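This is a predicted model, so every value here is computed, not measured.
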Amino acid sequence: MAESVVKLLLEKLSALLNEEVSLLKGVRKEVKEIKKELDRMRALLKDADRRKDSNEEMKTWVGEVRDAAHDVEDIIDEFLYRMDRPRRGGFKGFLIDTIHIPKNISDSHQFAKRLQETKVNVQNIFQRRVGDGPSQIEEVTRSYDVSELWRRDVETSLFKADNDIVGMTKEIDLIVGWLVEEEQRPTVISVTGMGGVGKTTLVAKAYKNHQVKKLFNCYACVSVSQSLKIDGLLRSIIKQLLEAKKEVVPNDLATKDAGELRRMVRGLLESKKYLIILDDVWTVNDWNKLNVIFSDCGCGSRLVVTTRDFNVAYAAGEGRRVCKLRLLDQEEAWVLFRKKAFPSEPCPSELEPLARSILEKCEGLPLAIVAMGGLLSLRDKTALEWSRIYKNLSWQLTNNQMLEPPKRILLLSFYDLPYRLKHCFLYCCIFPEDYLIHRKQLIRLWVAEGFVEETGKITMEEVAEDYLKELIHRNILQVVETNEFGRLKTCRMHDIVREVALSVSQEEKFCMTYDELQARQNGKVRRMSIYSSGEINHSSVGMTHLRSLMVFNGNMSLSSSLNTMASSFRLLRVLNLGGVPIESIPDEVTNMFNLRYLNLSGTNVRELPESLWKLQNLQTLEVRNTKLERLPSGIVKLRKLRHLSSYRITDKTCDSFDYFSSIQVPIRICNLTSLQTLRAIEDKEGEIVRKVGNLTQLRTLSISKVRETHGTELCNSIGKMKHLLKLSVTASAEEETLQLEALSHNTPPLLQKLYLKGRLEKVPRWLSSLVNLNRLSLNWSKLREEDMLSSLQALPNLAFLHLQNAYEGQHLCFRDGRFTKLRNLCLRDMKQLNRIVIEKGALASIQQLNLINCGELKTIPEGIEYLTGLQVLLLWDMPTELTYRLKLRDGFEENHRKVGHIPIIQCGQWTNGEGWVEEPLK
């Protein structure tokens with residue numbers, strides 16, 4: 001991690017030096033010299049970072065480098081703030097700024113002196129490591145290879161007893177079936193999954209299968225490992241191929257070069273039906289280097305690849321087979337755990353609850369289950385002992401040698417990450433256990449922390465989303481929820497992976513968690529996460545170096561200590577107070593000159609300080625579901641603001657037109673041209689609709705209180721937003737008409753989500769041109785067109801359609817071949833609707849149908865039996881005649897036959913104080 005810290009800092013220093021700005025006067029020389037020293041040191045850090053676990057002296061040195069890099073970053077950040085403070089306006093402000101010029105010069109000298117001292121410290125640190133020269137380090141580096149430890153762990157998998165394998169029967173049969181199928185083309189079989197899920201164990205089982213072995217003329221199984229060494233790999237393959245044929249291995253094999261070794265392998269495999277297993281291929285580049293070695297002889301040969309990276313699994317091209325290994329389910333995990341924890345006796349009944357709690361931490365990961373079971377098998381079989389292990393799992397992973405192998409295997413995935421992704425990955429452990437991490441929040445936090453590269457071609461948010469995809473492809477983050485088109489919505493960390501990440505984070509002072517007893521770590525910590533509701537002893541934590549403070553679970557005590565703590569947070573970049581029951585923000589918060597991300601969502605804050613303008617680096621401001629009614633005028637000075645979310649849900653039933661409340665903003669907010677997200681603002685006077693077109697970088701716009709007379713100007717403004725992905729427009733009142741026809745001349749070409757709330761004279765003609773639209777919501781539209789659906793059914797990618805009080809007719813007909821990609825359909829508050837017809841071939845992809853408060857609809861939709869893919873039918877606040885027919889079978893067999901294929905059918909009513917009360921039918 002020290003290498004990653006230094007790399008990020010070097011990029012920051014390079015960017016500063018490339019800008020010919022007056023800010024660097026007096027310190028440019030020191031910045032250049034300290035950059036040079038850090039650059040020299042970086043060359044030693046990559047291997048030193050890995051070797052520190054087995055070398056206490058190296059561990060100390062790496063820590064010194066990391067702390068020095070942090071010191072440089074702190075000095076630079078504070079210097080830039082002092083030199084680039086927002087200037088005061090007017091003649092009086094000019095005089096005040098002029099008076100402060102000597103102080104700025106003094107500041108410059110002071111910072112130059114601090115940088116000089118830090119440079120000397122860096123030089124001393126470097127000299128202590130190098131001594132008389134780099135030879136000592138190079139020699140140790142050559143002798144150390146962490147991948148060799150992994151290789152030894154892999155080799156043991158080939159000799160696992162069959163009774164150690166649990167929950168892989170279907171997967172083994174699948175792999176064996178692919179190996180023995182009559183396919184003459186060479187086939188690549190990829191087995192993918194997170195570290196420790198059992199890829200090597202599965203492939204070893206298939207490899208040893210007698211039915212498989214007799215089908216192939218020759219075979220070899222080699223571990224590729226993290227640092228691919230082609231020569232060594234080829235020698236291993238040659239030895240195995242020769243030994244299988246009982247031929248002598250040449251004495252000069254060790255001296256042959258790569259070209260000779262390749263020719264030998266091709267010669268041994270020529271015209272042979274071979275089986276080669278390449279275990280643990282890390283990158284697509286490694287796969288490409290290996291794939292070209294093996295010839296295509298049309299004999300039905302097989303290459304089997306195990307990998308943690310989806311990209312490798314899918315790089316094999318045509319004819320590939322991919323098996324993604326799953327985690328064990330609860331019962332499979334219990335069987336494996338009992339085999340390891342109680343090899344010769346049943347689990348005592350008094351220990352079973354604790355055993356299952358410990359098992360839950362493993363979350364079905366075989367590697368973790370085997371390691372924990374082995375550890376507990378050697379411990380006293382008492383509730384006290386097992387409880388102690390359960391409560392101190394993080395400590396056990398860090399200090400218990402029996403858990404070193406699984407930790408080491410999981411850490412290999414971390415070591416293999418590019419340096420930016422290392423920071424991004426570790427940042428995920430700042431969230432509580434089992435926390436659902438939202439894509440947008442995580443991306444904005446990464447950007448705020450400075451982890452994301454600025455390319456100039458695409459936004460940093462788009463770059464960060466690619467980072468997130470990469471972490472998922474590498475199987476070290478788990479997808480929890482996706483949208484209609486497979487785009488990630490939420491993800492999480494596996495508990496054991498999170499514990500390993502926490503142990504690294506605490507050691508590297510990257511972040512720490514704080515429980516109600518004490519901080520897990522003292523000192524110069526960079527990030528802190530508070531999960532508990534207890535008192536915070538902030539004097540025990542090094543607040544002055546803190547970059548992120550994340551608070552979860554609505555910490556009550558923080559509201560009283562925030563004022564005191566905030567004065568120490570000068571370097572803070574991220575302040576997340578979502579859900580904390582505070583009613584005001586201390587003025588000290590606006591002195592956090594480095595602040596990029598401020599989340600106050602779910603608090604009781606009623607107003608923001610007028611001095612908010614001082615947060616000149618602020619990128620994200622989240623004030624959703626607060627008591628705020630307006631934003632201070634100073635917000636218009638936040639030139640770097642990228643995301644502003646300020647709406648409030650006032651009625652969770654969504655029954656009323658005003659269930660969604662917006663907030664008043666200054667008109668000049670339309671001058672903040674860096675904005676990408678603006679939701680939800682209101683425009684009572686019609687001024688904003690004319691100027692919002694200045695915000696050409698907007699991806700999301702939500703605007704309310706729109707009057708009929710505002711329509712043309714709003715359409716003109718929206719037409720300038722070529723990057724817009726999500727648009728929400730709400731009328732000023734239920735009876736107000738939204739005049740949006742003028743948008744037909746210039747619709748946003750990339751629009752994916754559209755929400756319109758207010759009366760429409762007809763469905764806008766331009767809707768059918770939105771080829772990228774996947775989600776459409778029409779609310780209180782009160783359309784009367786008999787063929788209302790004809791304008792919507794032409795949308796080629798529509799996956800979600802929500803119609804609430806949108807139609808005043810009596811019949812709806814979904815015609816054959818229409819809405820072919822629609823997955824979710826919600827019809828709500830259709831007061832006159834009494835008949836729905838679904839023709840055969842319509843709604844071919846539908847998975848969920850919601851019918852809510854349609855008082856005249858007393859029969860199930862005609863043709864619902866054609867919806868063979870329908871998984872969920874929800875009937876909320878529907879007429880009793882309809883639900884009665886579904887609940888009773890006698891006399892209503894026809895109804896039951898039509899819906900018999902639907903796995904989940906639920907009825908329910910809204911009850912004040914209790915919310916939706918479900919009455920499941922299936």
Side-chain angles (χ1 to χ4, degrees), residues 160-171 193-198 201-202 325-407 409-410 429 431-437 475-480 491-503 513 515-517 531-532 552-553:
K160 281 186 180 291
D162 288 350
N163 61 2
D164 281 353
I165 299 175
V166 173
M168 291 187 181
T169 304
K170 291 181 180 179
E171 288 81 1
M194 68 183 294
V197 78
T201 302
L202 169 67
L325 280 193
R326 60 183 177 83
L327 298 170
L328 300 182
D329 64 33
Q330 191 173 12
E331 285 311 305
E332 290 168 342
W334 180 243
V335 170
L336 182 58
F337 179 81
R338 280 188 311 177
K339 285 184 177 183
K340 294 300 176 183
F342 305 99
S344 59
E345 58 182 328
C347 175
S349 57
E350 67 272 13
L351 285 182
E352 184 168 341
L354 263 174
R356 289 191 177 273
S357 294
I358 293 171
L359 190 59
E360 282 180 12
K361 287 277 191 181
C362 300
E363 290 192 86
L365 184 65
L367 179 73
I369 295 168
V370 169
M372 288 304 301
L375 171 65
L376 292 167
S377 69
L378 301 177
R379 295 302 179 95
D380 293 339
K381 303 297 190 291
T382 65
L384 181 63
E385 177 69 4
W386 284 38
S387 178
R388 188 178 64 82
I389 292 173
Y390 173 73
K391 290 177 180 178
N392 294 281
L393 181 57
S394 181
W395 184 93
Q396 295 286 341
L397 279 168
T398 304
N399 298 281
N400 195 308
Q401 291 301 310
M402 288 196 66
L403 297 184
E404 185 62 26
K407 179 183 175 182
I409 289 172
L410 294 173
C429 75
F431 297 96
E433 185 177 302
D434 297 325
Y435 189 88
L436 296 186
I437 307 171
N475 283 291
I476 53 179
L477 284 183
Q478 298 175 322
V479 175
V480 177
C491 61
R492 65 182 295 272
M493 291 187 99
H494 186 283
D495 277 0
I496 295 296
V497 173
R498 179 177 173 275
E499 290 291 349
V500 170
L502 272 175
S503 68
T513 60
D515 59 33
E516 57 191 349
L517 297 177
Y531 308 148
S532 68
F552 300 93
N553 298 334

- Thinking salt bridges, do E352 and R356 make one under a 4.0 Å N-O criterion? yes

- Message: Would the distance check show the side chain of D380 and the main-chain N or O of T382 forming a donor-acceptor pair, the cut-off being under 3.5 Å?
- Response: no

- Item | Partners meeting side chain to side chain contact (heavy atoms under 4.5 Å, CB included) with R388 (sequence neighbours left out) | R379, E385, N392, Q396

- Message: Can you confirm whether W334 sits close enough to C347 that some side-chain heavy atom of one is under 4.5 Å from a side-chain heavy atom of the other?
- Response: yes

- Spacing of CD1 belonging to I476 relative to SG belonging to C491, to within rounding of 0.5 Å: 11.0 Å

- Message: Does L384, at its CG atom, have more than 12 non-hydrogen atoms belonging to other residues, nucleotides or ligands within less than 6.0 Å?
- Response: no

- Which residues pass the ring pair (Phe, Tyr, Trp, His ring centres under 6.0 Å) test with F342, sequence neighbours left out? W386

- Go through the structure and list residues passing side chain to side chain contact (heavy atoms under 4.5 Å, CB included) with S357, not counting sequence neighbours. Y390

- Task: Could you tell me the separation between the OG atom of S377 and the NZ atom of K381, rounded to the nearest 0.5 Å?
- Result: 6.0 Å

For residues 365-373, run the donor-acceptor check on the side chains, cut-off 3.5 Å, and write out each pair with its distance to 0.1 Å, sequence neighbours left out.
none

- Message: For the OG1 atom of T513 and the CG atom of L502, what is their distance to the nearest 0.5 Å?
- Response: 6.0 Å

- Working to the nearest 0.5 Å, report the span between CD1 of I358 and CD1 of I389. 6.0 Å

- Query: Any ion pair linking E363 and R492 (charged N to carboxylate O, less than 4.0 Å)?
  - Reply: yes

- For residues 356-378, pull every pair meeting ring-ring contact (aromatic ring centres under 6.0 Å, His included), keeping only residues two or more places apart or in separate chains. none

- Kindly write out the residues that satisfy side chain to side chain contact (heavy atoms under 4.5 Å, CB included) with P432, not counting sequence neighbours, or none if the list is empty. Y435, Y531, F552

- Message: So, applying salt bridge (Lys or Arg N to Asp or Glu O under 4.0 Å) with E332, which one of R326, K339, R338, K170 is it?
- Response: R326

- Roughly how far, to the nearest 0.5 Å, is CG of D495 from CG of D434? 4.5 Å

- Message: Does E345, at its CD atom, have more than 12 non-hydrogen atoms belonging to other residues, nucleotides or ligands within less than 6.0 Å?
- Response: yes

- Query: Within the distance-only criterion (no hydrogens, no angle test), does the side chain of H494 pair as donor or acceptor with the backbone N or O of G364 below 3.5 angstrom?
  - Reply: no

- Task: Would you mind reporting whether L327 and M194 have side-chain heavy atoms less than 4.5 Å apart?
- Result: yes

- What one should report as the nearest heavy-atom pair of I496 and K361 is CG1-O, 3.3 Å

- Report yes if some heavy atom in the side chain of Q478 is under 4.5 Å from a heavy atom in the side chain of M493; otherwise report no. no

